[in-house]
**Student:** 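Quick one: this structure, given as structure tokens, is what I'll be asking you about.
In what follows, chains carry the letters A, B, and so on, assigned in the order in which the sequence lines appear, proteins first and then strands, with residues in each chain numbered from 1.
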Amino acid sequence: MNAPDDAELLQRIRAGATDEFAELVRRHQARIFGILHRYERDAQRVEDLAQETFLKAWRALGQFDGRAPFEHWISRIAVHTALDHLRREKRHKHEIRFPDLGEDVLDWLRSSEEKNEPAARDAAEILHRALEQLAPADRVVITMQELEGSSVKEIAAVLGVSGIAVRVRAVRARAKLKRALERLSEP
Amino acid sequence: MNEKKLKQLFAAARQEPAPAPPADFAADVLRAARQGPARQPEAFSVWDHLDGLFPRLALAAAAVIVFCAAADWGITAAGYPGINEAAAQATSQILFSGDDL
């Protein structure tokens, strides 16, 4: 017997079989952790944000009309949760929470030559540091476009702005990110 | 930072694996969902709001001071009595107005 798809599971949950929500969480948890990890590097906080995402979805299940796949809907909730988190962090940020970057990765950053790309962890760490200098919405645009591979239309839908506004913001955010990366590489 | 290096950085960062959800994550979410709103976003106190507004308040206060100083300088330069002088005149009128009676 085939496993029920998301639509069937949602139907059962709405009919009172609330246990099925755990199955829905299991199916989408890896993707949600993946999205949230782009915005927060601390694993415990990622888990907290993932729980917040699924609880928001649970409370809003009545509003899910099924026109788009459940995966898209829950992903949008995750990005909104991340955006709220970034705004809270921006207000409460008083100190740098990460250890200093390693010399290898700083060499790569400072070098004008085309060297081999840095290790994934180092690259993510540098990007995270530089992205912290950007406004939360700019950060969402860059992260969705460059790391998640989202389309302009998808980003516009998440941020509730036009496609043109997303394109303009993306250009400006990219320039800001480059400047932030240059500042990071200064001795 | 040239465009090629930036693309290299994005490509490398995309390869980083996300942390794996704990084995009991789904069960925890279900438990929390049944208990009601378990984890509310951090509440902001009045001080947090003031803290957030501080740069704007400070800028507004500085702008008012600059405006007053410029206005005083402009009035004095135009030959009218300055704010200090006008204030002294007004004070003396209030304090010594009874002498005329």
Side-chain angles (χ1 to χ4, degrees), chain A residues 18-19 21-26 29-38 43-44 46-48 50-52 54-55 58-59 81 84-85 88 90-92 108-109 111-112 114-128 130 142 146-149 174 177-182 185, chain B residues 1-70:
Chain A
T18 51
D19 282 355
F21 188 66
E23 174 56 25
L24 212 51
V25 172
R26 267 189 290 275
Q29 59 188 16
R31 172 152 179 75
I32 299 307
F33 270 65
I35 291 172
L36 294 167
H37 180 57
R38 306 285 190 205
Q44 185 55 53
V46 169
E47 190 182 327
D48 291 347
Q51 187 175 86
E52 194 179 322
F54 282 109
L55 289 178
W58 167 265
R59 289 195 285 268
T81 304
D84 289 344
H85 170 66
R88 289 198 296 264
K90 200 91 185 162
R91 288 177 185 219
H92 290 275
W108 179 86
L109 205 54
S111 164
S112 54
E114 305 297 342
K115 288 184 176 178
N116 290 338
E117 65 184 36
R121 188 181 166 77
D122 288 341
E125 186 68 49
I126 298 171
L127 259 183
H128 188 85
I142 292 285
E146 301 294 344
L147 300 179
E148 294 288 324
R174 215 178 164 86
L177 178 64
K178 281 183 180 177
R179 283 198 295 275
L181 285 164
E182 281 158 11
S185 62
Chain B
M1 171 62 60
N2 61 40
E3 195 61 26
K4 196 170 178 185
K5 276 191 96 168
L6 188 60
K7 282 185 177 164
Q8 235 180 355
L9 195 63
F10 285 135
R14 273 196 293 269
Q15 306 304 318
E16 195 196 31
D24 51 357
F25 178 75
D28 286 346
V29 171
L30 188 62
R31 205 173 302 121
R34 284 177 171 156
Q35 283 169 359
R39 185 179 293 277
Q40 292 291 348
E42 286 173 49
F44 292 119
S45 68
V46 174
W47 296 113
D48 287 330
H49 286 291
L50 281 177
D51 188 35
L53 283 174
F54 176 74
R56 286 182 210 173
L57 288 174
L59 268 179
V64 168
I65 291 167
V66 168
F67 175 77
C68 290

**Student:** Which atom names give the shortest non-hydrogen contact between A:Ala130 and A:Ala180, and what distance separates them?
**Tutor:** O-CB, 3.7 Å
**Student:** A:Asp84 versus chain B, heavy atoms under 4.5 Å apart: side chain, backbone, both or neither?
**Tutor:**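 Contact with chain B involves no heavy atom of A:Asp84 at all.
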**Student:** Can you tell me which portion of A:Arg38 sits under 4.5 Å from chain B's heavy atoms? Options are side chain, backbone, both or neither.
**Tutor:** side chain
**Student:** To the closest 0.5 Å, what do you measure between CG (A:Leu55) and CD (B:Gln35)?
**Tutor:**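 Rounded to the nearest 0.5 Å, the CG-CD separation comes to 10.0 Å.
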**Student:** In chain order, what residues pass the salt bridge (charged side-chain N to carboxylate O under 4.0 Å, His left out) check against B:Arg14, with sequence neighbours excluded?
**Tutor:** none
**Student:** Would you say A:His37 and B:Glu16 are linked by a side-chain donor-acceptor pair, where the criterion is simply a distance under 3.5 Å?
**Tutor:** yes
**Student:** Side chain from CB out, backbone as N, CA, C, O: work out which of these in A:Ile35 comes under 4.5 Å of a heavy atom of chain B, or both, or neither.
**Tutor:** neither
**Student:** Among B:Pro17, B:Ala20, B:Ala11, B:Ala12, single out the residue with the greatest number of heavy-atom pairs under 4.5 Å to chain A.
**Tutor:**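 Option with the greatest count: B:Ala12.
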**Student:** Output the option from A:Gly34, A:Ala119, A:Ala50, A:Ala30 having the highest count of non-hydrogen pairs under 4.5 Å with chain B.
**Tutor:**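 When all of A:Gly34, A:Ala119, A:Ala50, A:Ala30 are compared, A:Ala50 has the most.
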**Student:** Run A:Leu127 and A:Leu177 through side chain to side chain contact (heavy atoms under 4.5 Å, CB included) and show every step you take.
**Tutor:** CA-CA 9 Å; A:Leu127 259 183; A:Leu177 178 64; 4.1 Å; yes
**Student:** Is it the side chain or the backbone of A:Leu147 that comes within 4.5 Å of chain B heavy atoms, both, or neither?
**Tutor:**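 Answer is both: backbone and side chain atoms of A:Leu147 are under 4.5 Å from chain B.
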**Student:** Between A:Arg26 and A:Glu23, does the salt bridge (charged side-chain N to carboxylate O under 4.0 Å, His left out) criterion hold? Intermediate values first, please.
**Tutor:** CA-CA 5 Å; A:Arg26 267 189 290 275; A:Glu23 174 56 25; 3.5 Å; yes
**Student:** When rounded to the nearest 0.5 angstrom, what is the spacing between CZ in B:Phe10 and CD1 in A:Ile142?
**Tutor:** 5.0 Å
**Student:** What is the minimum heavy-atom distance between A:Phe21 and A:Phe54, and which atoms define it?
**Tutor:**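 Smallest heavy-atom distance, with atoms named: CZ-O, 3.5 Å.
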**Student:** Measure distances from A:Ile32 to the heavy atoms of chain B and classify the residue's part below 4.5 Å as side chain, backbone, both or neither.
**Tutor:** neither
**Student:** Look at A:Glu146 together with B:Lys7 and state whether they make a salt bridge at an N to O cut-off of under 4.0 Å.
**Tutor:** no
**Student:** With chain B as the partner, which of A:Arg121, A:Arg174, A:Glu148 has the greatest number of non-hydrogen pairs under 4.5 Å?
**Tutor:** A:Arg174
**Student:** Would you mind checking which part of B:Leu9 comes under 4.5 Å of any heavy atom in chain A, side chain (CB onward), backbone (N, CA, C, O), both or neither?
**Tutor:** both
**Student:** Any residues in residues 21-31 of chain B near chain A, with a heavy-atom distance under 4.5 Å, and which are they?
**Tutor:**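 From residues 21-31 of chain B, the residues near chain A are B:Pro21, B:Pro22, B:Phe25, B:Ala26, B:Asp28, B:Val29, B:Leu30.
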